[in-house]
Amino acid sequence: MKYDYKVIEKKWQDIWDEKQPFAAKNDYTKKKYYALVEFPYPSGAGLHVGHPRPYTALDIIARKRRMQGYNVLFPMGWDAFGLPTENYAIEHKMHPADVTRNNVARFKGQLKSLGLSFDWSREINTTDPAYYKWTQWIFLRLFRKGLAYKKDMNVNWCTHCKVVLANEEVIAGECERCHGEVVHKTKSQWMLKITDYADKLLDDLDTVDYVERVKLAERNWIGRSYGAEVDFDTTAGDKLRVFTTRADTLFGATYMVIAPEHPFVDKWKDKLKNYDALMDYRGMAARKSEFERAELVKEKTGVMLDGVKAVNPVTGKEMPIFVSDYVLVTYGTGAIMAVPAHDERDYEFAKTYNLPIIEVVAGGDISKEAYTDVSEGKMINSGFLNGLDVAEAKEKMAEYLRAHNIGDRTVKYKLRDWVFARQRYWGEPVPLVWCEHCGWQPVPESELPIKLPEVATYEPTDNGESPLATITEWVNTTCPKCGADAKRETDTMPQWAGSSWYFLRYCDPHNDNEMASREAMDYWMPVDWYNGGMEHATLHLLYSRFWAKFLYDEGLLSCPEPYLKRTAHGMILGEDGEKMSKSRGNVINPDDVVNEYGADTLRLYEMFIGDFEKSAPWSTNSVKGCKRFLDRFAVLDEMIVREKDEELERELHRTIKKVTSDIEDMKFNTAIAAMMSFMNSVYAKGGIDIESLKSFTIILCPFSPHICEEMWASIGGKGLCSLALWPVYDEEKIKVTEIEIAVQINSKVKFTLSLPAGCDEESAYDIIEKSGKLNQYIEGKTIVKKIYIKDRIFNIVIR
RNA sequence: GCGGAUAUGGUGGAAUGGCAGACACGCUGGUCUUAGGAACCAGUGCGCAAGCUUGCAGGUUCAAGUCCUGUUAUCCGCACCA
């Protein structure tokens with residue numbers, strides 16, 4: 001057939017549009033399969049060449065499942081709230097909704113041009129009021145359960161975007177998006193208590209099939225550590241509580257450190273002779289950007305509290321208390337007991353300020369460095385702990401603390417609550433009302449969605465208020481409880497909100513009465529296979545698992561984990577091996593590739609480029625190789641022969657087997673290599689029978705669907721190739737009668753020989769001996785050992 | 001600093017402990033062409049050879065790219081988390 005990819009691809013895309021072969025059926029009696037890719041943020045830049053990689057991969061899975069008889073849900077939508085759109089709108093004096101509409105249209109066109117088998121009838125958009133109604137609805141449920149709360153807190157403030165950032169959005173002291181400087185600022189913020197779910201989020205990772213590196217990233221991010229809280233008496237009368245994982249070293253505690261923001265500094269104001277100096281230090285620490293704070297790791301600074309001392313509960317000794325920014329107010333209790341002999345940071349600080357260092361675990365050389373090893377070493381200088389190893393000492397100390405009512409075991413997490421508010425326009429309004437008399441009140445469900453009002457200007461304000469705050473007619477309302485004058489919350493939700501539950505909406509996307517019907521969710525959920533970027537392991541993935549778990553606890557969802565399986569694709573780099581970026585000028589535009597080579601080639605190439613999980617550099621030359629393969633495939637219908645060739649049939653079945661299993665293992669590159677090999681054999685034979693060509697067309701179809709539809713039609717296939725039955729290989733047909741094996745002498749290959757398949761050792765040796773090739777190697781030597789691996793190798797060890 | 005990953009021809013990459021380099025690119029030569037950045041055919045790890053080859057050094061094994069120990073380099077994540 002003639003392979004005019006532009007004509008063919010348009011033709012089949014139109015047919016798919018019209019016939020809707022990829023629409024998921026609402027027949028809940030069928031076996032289902034839910035394949036999901038992360039929905040994109042429709043940026044102004046259009047589709048990136050990195051997008052088609054995961055999309056094609058799951059498209060292949062989805063297409064194969066359909067061909068295997070599953071009712072497949074493979075949906076797509078738009079995660080369209082967010083700053084770039086808003087900034088673009090401001091810059092070009094447009095409405096963010098219009099910008100979004102344009103970008104979505106562009107993205108959709110691009111995705112359609114790739115022949116992805118999405119069910120477009122279920123398309124969703126997080127900025128659609130019919131969608132964010134339910135985002136707000138879920139938020140209200142969180143609020144009613146006490147999982148949403150407002151708190152004055154030290155937040156990360158991007159000085160450039162003029163917006164509060166979540167901890168997750170701060171990378172090395174810079175804003176994740178604009179790389180602007182991030183400073184600390186105190187603001188009253190809506191928070192979501194994700195920490196309530198820390199244990200479940202961590203423990204349930206054992207129940208799901210995620211690639212290990214994703215699990216690891218989540219585990220590290222949640223950062224559970226077992227330790228103890230210990231109360232230290234102070235000369236001020238208050239008990240200073242610390243968290244430690246090394247209660248065993250309590251005898252070695254020689255001073256205390258509290259965070260500069262610790263409330264005791266204020267509480268003890270009257271007792272502190274150097275209060276001003278402490279305030280200066282606190283101010284200095286706050287002014288430091290995250291970046292400086294991280295950079296200054298090596299130089300520890302601090303100020304000693306003059307006027308209050310602490311007492312070590314086991315030694316009875318008085319100890320000085322310092323403030324230092326190496327102790328974080330946000331972790332543990334914001335205070336530590338310092339054991340310089342066995343903690344590197346404390347050691348460094350103690351050296352700087354000339355504080356005593358007492359060794360309590362023998363085994364290191366504390367004149368040189370802190371000894372932090374917990375696996376060996378016995379307790380010394382530690383009263384009732386002496387002679388124990390560290391693990392035993394921890395146990396015994398925990399008992400002691402409990403018995404004397406000065407502390408107890410506890411668990412702490414690195415994970416912090418989720419800052420769930422942005423002072424920006426283009427997000428879901430937080431559906432709450434502030435009443436002087438009744439406090440924060442949820443908007444009645446009947447009033448949802450609280451829509452974004454039309455405003456003249458979206459510019460962020462310097463005082464950190466949302467632009468919504470300036471629209472008095474929107475802000476002013478009445479209290480849903482008492483009817484008095486009240487004000488709406490003007491903050492909007494962060495971009496992560498809409499994506500935290502979108503996989504549920506796909507189950508039943510046009511439902512006006514519920515986020516999705518229970519029946520639909522029970523059928524489709526959980527997602528069978530979810531693929532996305534590594535960068536979302538600690539953000540989106542954790543957030544959406546949290547929401548799913550919450551909805552499960554609310555009895556609204558039947559599965560405690562939303563995703564059964566999670567894989568992560570590697571990045572596509574520029575031809576220079578560097579990350580693609582405008583500034584480097586190494587960006588490849590997928591539209592150009594589709595234009596020049598066709599979507600089928602782009603798809604095939606992106607799957608052939610290398611290990612799906614690893615990043616790989618773009619290579620225009622290799623794209624041509626894939627195009628060449630399709631060009632050669634396109635004329636197979638002119639090479640049809642009447643007779644089946646036994647060898648070719650064997651290879652076909654071997655190829656079907658390999659492609660079938662490789663797709664499941666995401667080894668798309670070797671699946672394609674196998675198909676290329678098969679086609680090379682067809683060319684070598686000079687022809688192929690029609691049945692074999694049909695099977696070959698079907699297994700290639702998920703990779704390059706347009707050309708396969710065309711081929712299928714050309715060779716008289718019934719219906720759409722995309723819906724043809726996936727071929728089953730016949731193990732009998734794969735069997736061979738003769739296999740070439742390698743004959744080794746002392747583990748070195750000397751020659752190869754053809755043996756009957758499955759032949760036993762004795763007859764194998766017999767044939768080798770009779771071949772006459774062996775004599776020259778073993779003449780005059782003794783055979784010490786013979787190792788025969790069936791169908792593989794025969795190793796003769798001689799002396 | 002902690003954690004993770006990776007290292008194979010000129011290039012991207014294949015190899016349940018069993019013939020390293022599948023498949024593809026590139027390159028070389030050829031055929032057909034007025035022409036080739038088209039198509040097709042042949043060759044292609046290195047070395048003149050004996051032989052040598054999976055970052056480096058050891059080890060286990062009849063047999064190691066693969067397992068173990070150490071080491072180097074690169075990339076990624078987290079980063080004063082007590």
**Student:** What nucleotide among B:G13, B:C19, B:A79 has an atom nearest to a side-chain atom of A:Ile793?
**Tutor:**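 Taking heavy atoms from C-beta onward, the closest nucleotide is B:C19.
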**Student:** Roughly how many Å is it from CZ in A:Phe678 to P in B:C23, rounded to a whole number?
**Tutor:**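 It is 15 Å, rounded to the nearest whole Å.
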**Student:** Heavy atoms from C-beta onward define the side chain here; which of B:G3, B:G18, B:C80 lies closest to that of A:Leu216?
**Tutor:**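 Taking heavy atoms from C-beta onward, the closest nucleotide is B:G3.
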**Student:** NA contact type, A:Arg632, heavy-atom cut-off 4.0 Å: base, sugar-phosphate, or nothing?
**Tutor:**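 Sugar-phosphate, backbone atoms only, no base.
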**Student:** Compare the minimum distances between each of B:C62, B:C80, B:U6 and the side chain of A:Tyr326, then state the nucleotide with the smallest one.
**Tutor:** B:C80
**Student:** Which nucleotide in the set B:C80, B:C78, B:A24 lies at the smallest distance from any side-chain heavy atom of A:Lys414?
**Tutor:** B:C78
**Student:** Below the 4.0 Å mark, does B:A39 have OP1 or OP2 next to a side-chain nitrogen or oxygen of A:Arg628?
**Tutor:**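 Checking B:A39 against A:Arg628, a side-chain N or O does come within under 4.0 Å of OP1 or OP2.
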**Student:** Considering only B:C19, B:G13, B:A82, which nucleotide approaches the side chain of A:Asn669 most closely?
**Tutor:** B:G13
**Student:** With heavy atoms under 4.0 Å as the rule, sort A:Phe608 into base, sugar-phosphate or nothing.
**Tutor:**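 Base contact.
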**Student:** Kindly say if A:Asn795 contacts the phosphate of B:U61, meaning a side-chain N or O under 4.0 Å from OP1 or OP2.
**Tutor:** no
**Student:** Rounding to the closest angstrom, what is the interatomic distance between B:A24 and B:A15 at atom P?
**Tutor:** 15 Å
**Student:** Counting just side-chain N and O atoms, does A:Ser225 come under 4.0 Å of either OP1 or OP2 of B:A82?
**Tutor:** yes
**Student:** Should the side chain of A:Lys300 and the base of B:C80 be counted as holding a donor-acceptor pair, with the cut-off at 3.5 Å?
**Tutor:**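 Side chain to base: pair present.
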**Student:** Contact class for A:Asp346 (heavy atom, under 4.0 Å): base, sugar-phosphate, or nothing?
**Tutor:** nothing
**Student:** In terms of side-chain heavy atoms of A:Asn220, which of B:G3, B:A82, B:C25 is nearest?
**Tutor:** B:G3
**Student:** Once you apply a heavy-atom cut-off of 4.0 Å, does A:Lys667 come out as touching a base, just sugar-phosphate, or nothing?
**Tutor:**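 If one applies the 4.0 Å heavy-atom cut-off, A:Lys667 turns out to touch the sugar-phosphate alone, with no base involved.
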**Student:** Identify whether any heavy atom of A:Ser619 sits under 4.0 Å from a base atom; if not, whether one sits that close to sugar-phosphate; answer base, sugar-phosphate or nothing.
**Tutor:**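 Contact class for A:Ser619: none.
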**Student:** Identify whether any heavy atom of A:Gly223 sits under 4.0 Å from a base atom; if not, whether one sits that close to sugar-phosphate; answer base, sugar-phosphate or nothing.
**Tutor:**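 A:Gly223: no heavy atom of the nucleic acid under 4.0 Å.
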**Student:** Hey, does the side chain of A:Arg603 reach the backbone of A:Pro702 with a donor-acceptor pair shorter than 3.5 angstrom?
**Tutor:** yes
**Student:** Does A:Glu212 reach a base, just sugar-phosphate, or nothing at all? Heavy atoms under 4.0 Å.
**Tutor:** nothing
**Student:** Write down the distance between CG (A:Asp662) and C1' (B:A14), rounded to a whole number of angstrom.
**Tutor:** 11 Å
**Student:** Should A:Asn621 be listed as having a side-chain N or O under 4.0 Å from OP1 or OP2 of B:G26?
**Tutor:**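 Answer is yes, contact under 4.0 Å.
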**Student:** Indicate, with a heavy-atom threshold strictly under 4.0 Å, whether A:Gln744 touches base, sugar-phosphate, or nothing.
**Tutor:**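 It contacts base atoms.
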**Student:** When you check the glycosidic angle of B:G17, does it come out syn, meaning within 90° of 0, or anti?
**Tutor:** anti
**Student:** Keeping A:Arg219 on the side-chain end and A:Leu205 on the backbone end, is there a donor-acceptor pair under 3.5 Å?
**Tutor:**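 Side chain of A:Arg219 to backbone of A:Leu205: no pair is present.
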**Student:** Please determine whether ring pair (Phe, Tyr, Trp, His ring centres under 6.0 Å) holds for the pair A:Phe322 and A:Tyr353, giving the CA-CA distance in whole Å, both sets of side-chain angles, and the decisive distance to 0.1 Å.
**Tutor:** CA-CA 10 Å; A:Phe322 287 80; A:Tyr353 290 91; 5.7 Å; yes
**Student:** What's the closest nucleotide to the A:Thr670 side chain, out of B:G13, B:A15, B:A24?
**Tutor:** B:A15
**Student:** Tell me the interatomic distance from A:Lys785, atom NZ, to B:G18, atom P, rounded to whole angstroms.
**Tutor:** 17 Å
**Student:** What integer number of Å spans the P atoms of B:G58 and B:C76?
**Tutor:** 32 Å
**Student:** What is the nucleic acid contact for A:Arg213, judged by heavy atoms within less than 4.0 Å: base, sugar-phosphate only, or nothing?
**Tutor:** nothing
**Student:** RNA chain B: A:Lys614 or A:Val797, which has the more 5' nearest nucleotide?
**Tutor:**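 Its nearest nucleotide being more 5', the pick is A:Lys614.
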**Student:** Judged by modelled atom types alone, do A:Ser681 and A:Glu651 share a side-chain donor-acceptor pair under 3.5 Å?
**Tutor:**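 Judged by distance alone, the side chains do pair up.
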**Student:** Would one find more than 12 heavy atoms of other residues, nucleotides or ligands at under 6.0 Å from atom CD of A:Gln776?
**Tutor:**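 Enclosed.
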**Student:** Classify A:Ile789 by what it touches in the nucleic acid, base, sugar-phosphate, or nothing, heavy-atom distance under 4.0 Å.
**Tutor:** base
**Student:** Let's see if you can work this out: which of B:C62, B:A24, B:A79 has an atom nearest to the side-chain heavy atoms of A:Met676?
**Tutor:**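 Nearest listed nucleotide: B:A24.
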**Student:** Of all the choices, B:C52, B:C62, B:C80, which nucleotide is nearest to the side chain of A:Asp325 once you look at every atom?
**Tutor:**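 Closest of the options to the side chain of A:Asp325: B:C80.
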**Student:** Between A:Asn746 and A:Tyr777, do the side chains contain an N or O donor and an N or O acceptor separated by less than 3.5 Å?
**Tutor:**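 No donor-acceptor contact under 3.5 Å links the two side chains.
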**Student:** Report yes or no: does A:Tyr683 contribute a side-chain atom to a donor-acceptor pair with the main-chain N or O of A:Arg632 at less than 3.5 Å?
**Tutor:** yes
**Student:** Reckon A:Lys658 has a side-chain N or O less than 4.0 Å from the OP1 or OP2 of B:A14?
**Tutor:** no
**Student:** Expressed in whole Å, how much space separates the C1' atoms belonging to B:U44 and B:C25?
**Tutor:** 13 Å
